[in-house]
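A quick note: this is a predicted structure, and the numbers were derived from the prediction, not measured.
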Amino acid sequence: MADRLTQLQEAVTQQADNLCNSIGIIQQVQTLEEDHTKLFSQLIARTAKDIEVLVDSLPSEDSTTELQTSSIELLEGESEIAKERLEQSVREGEALLKTLQIALKDIAHAQLEIERRAAEELSLVNSKHFALL
């Protein structure tokens, strides 16, 4: 916004220069055949249009506050939705983690049981083999 204000200030200064110069030139050349009136009227009109565009591009205080409030409310709503989605994802992740932990525990118990039975069978085979000797 500061840049637009600087541009506006420069355009107003330029317009004042145009007006002063045009009045001075018109007074000097009243008797000459050259028509500087058209040139200065074009400069004045162009600078006036630049000033109008710059002023229109400046935010008004009322709309800026309203727009900021509206934007903040919109962002807060989006943030709340994102928060709820994140919380749901965390809950689902925790439930999945518990399921995986139970499955891993069951697998570990099954492996231990298999190893225990294998050890018992080996022990039984060894004892039978030892008995045969």
Note to self: Can a donor-acceptor pair be found, under 3.5 Å and without considering hydrogens, that links the side chain of Ser123 to the backbone of Ala119?
What the structure shows: no
Check: Distance from Gln101 atom CD to Glu94 atom CD, nearest 0.5 Å?
Finding: 10.5 Å
Next item on the list: Quick one: pull up CD1 in Ile81 and CG in Leu86 and give me the separation to the nearest 0.5 Å.
Entry: 13.5 Å
Checklist line | CD on Glu10 to CG on Leu54, rounded to 0.5 Å | finding: 9.5 Å
Next item on the list: Nearest 0.5 Å please: distance from the CG atom of Leu100 over to the CG atom of Leu104.
Entry: 6.5 Å
Notebook entry, point to check: What's the spacing between Glu76 CD and Ile72 CD1 if we round to 0.5 Å?
Noted result: 7.0 Å
Notebook entry, point to check: About how many Å separate CG of Leu97 and CD1 of Ile102, when rounded to the nearest 0.5 Å?
Noted result: 10.0 Å
Check: Taking C-beta and beyond as the side chain, do Glu92 and Gln88 meet within less than 4.5 Å on heavy atoms?
Finding: yes
Next item on the list: Please report the closest heavy-atom contact between Ile44 and Gln15, naming both atoms and the distance.
Entry: O-NE2, 3.0 Å
Margin query: Just so I know, are the side chains of Glu120 and Leu124 near enough to count as touching, which here means a heavy-atom distance under 4.5 Å?
Written below: no
Check: Is it the case that Glu115 and Gln111 place a side-chain donor and acceptor less than 3.5 Å from each other?
Finding: no
Check: Does CZ belonging to Arg91 count more than 12 external heavy atoms closer than 6.0 Å?
Finding: yes
Next item on the list: Considering only NZ, NE, NH1 and NH2 on the basic side and carboxylate oxygens on the acidic side, decide whether Glu121 and Arg117 come within less than 4.0 Å.
Entry: no
Item checked: Apart from Leu75 itself, residues in the same hydrophobic cluster as defined by side-chain heavy atoms under 4.5 Å -> none
Note to self: For a quick test of reading the model, state the closest non-hydrogen atom pair linking Thr47 to Ala11 and the distance between them.
What the structure shows: CG2-O, 3.3 Å
